[in-house]
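Each remark here refers to the structure printed beneath this line.
The basis for the numbers below is simple: all heavy atoms, side chains too, and nothing from hydrogens, waters or symmetry mates. Within every chain, numbering begins at 1; the chains are lettered A, B, ... in the order of the sequence lines, protein sequences first and strands thereafter.
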Amino acid sequence: QQQVKQSPQSLIVQKGGISIINCAYENTAFDYFPWYQQFPGKGPALLIAIRPDVSEKKEGRFTISFNKSAKQFSLHIMDSQPGDSATYFCAARWGGTSYGKLTFGQGTILTVHP
Amino acid sequence: EAGVTQSPTHLIKTRGQQATLRCSPISGHTSVYWYQQALGLGLQFLLWYDEGEERNRGNFPPRFSGRQFPNYSSELNVNALELEDSALYLCASSSRLGYEQFFGPGTRLTVL
């Protein structure tokens, strides 16, 4: 059972465009929602994160929108650049008795054309 | 500030052997998490250590085990290796009770 569903699997955007990646979750025990960026041959790097009591968080060109009632959250990359080409993972952190571990979405391969 | 470090970078083993992977957390972090990133399966949670104790483990067989040392570094051991254990093994660290997990570069384990 996939706890966090991510879409699309791949995304192609022109330079300067907006990249949007969506995630949906089922379990209300999740208490923290980070996004990670991973380049080939590297470990995932924490990009931006949000807690469920906040509806939006912006850091530079990256924005998370969070809809608690719909159990959905998304990453928006404004003014996308070729250097943003990477795999992006959404994740959800367990609270309660499974406290601490992250459950990841399947990833989105983003390609930004110059 | 140095990030999470892992060794070795690559490890090649044959089926049935044992593998040992090592991780050093960010200075000041006491929690270490291990994840498996296998092709087509995404990132799967393996183990969490904090203050030397195993706090949680994922849906993996007991031949996946580990420990955390007094200096908070950690070791992941995989016994009786199987072909499907081939994957990138990632270590992450956080401060105690911290939400943010920071990943290392990973160890690529290949089982032949």
Open item on the list: For a ring pair (Phe, Tyr, Trp, His ring centres under 6.0 Å) check, start with the C-alpha distance between F45(B) and F104(A), then their side-chain angles and the critical distance, and finish with the verdict.
Closed with: CA-CA 9 Å; F45(B) 169 76; F104(A) 286 83; 9.9 Å; no
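Heavy atoms closer than 4.5 Å to chain A are found in the side chain of Q37(B), but not in its backbone. Looking at P34(A), there are no atoms closer than 4.5 Å to chain B (heavy atoms on both sides), in backbone or side chain.
Using a 4.5 Å heavy-atom cutoff, the side chains of K42(A) and F103(B) are not in contact. The side-chain heavy atoms of L46(A) and Q101(B), taken from C-beta on, include no pair separated by under 4.5 Å. Annotation: side chain of W94(A) is not in contact with side chain of N56(B) (no heavy-atom distance under 4.5 Å).
The environment of CG in D53(A) is crowded: more than 12 heavy-atom neighbours from other residues, nucleotides or ligands sit within 6.0 Å. For L112(B), the CG atom counts as densely surrounded, since its 6.0 Å shell holds more than 12 non-hydrogen atoms of other residues, nucleotides or ligands.
Residues of residues 65-81 of chain B placed with any heavy atom under 4.5 Å of a heavy atom in chain A are absent; none qualify. By a heavy-atom distance cut of under 4.5 Å, L88(B), L90(B) are the residues of residues 82-91 of chain B near chain A, going up by number.
In terms of heavy-atom pairs under 4.5 angstrom with chain A, the leader among F102(B), Y33(B), Y35(B) is Y35(B). Your options are P105(B), G106(B), A92(B), G98(B), and the one with the most heavy-atom pairs under 4.5 Å with chain A is P105(B).
Taking the salt bridge (Lys or Arg N to Asp or Glu O under 4.0 Å) definition, one finds that K57(A) meets it with E59(A), sequence neighbours left out. Residues passing the side chain to side chain contact (heavy atoms under 4.5 Å, CB included) test with P61(B) are R63(B), F64(B), sequence neighbours excluded.
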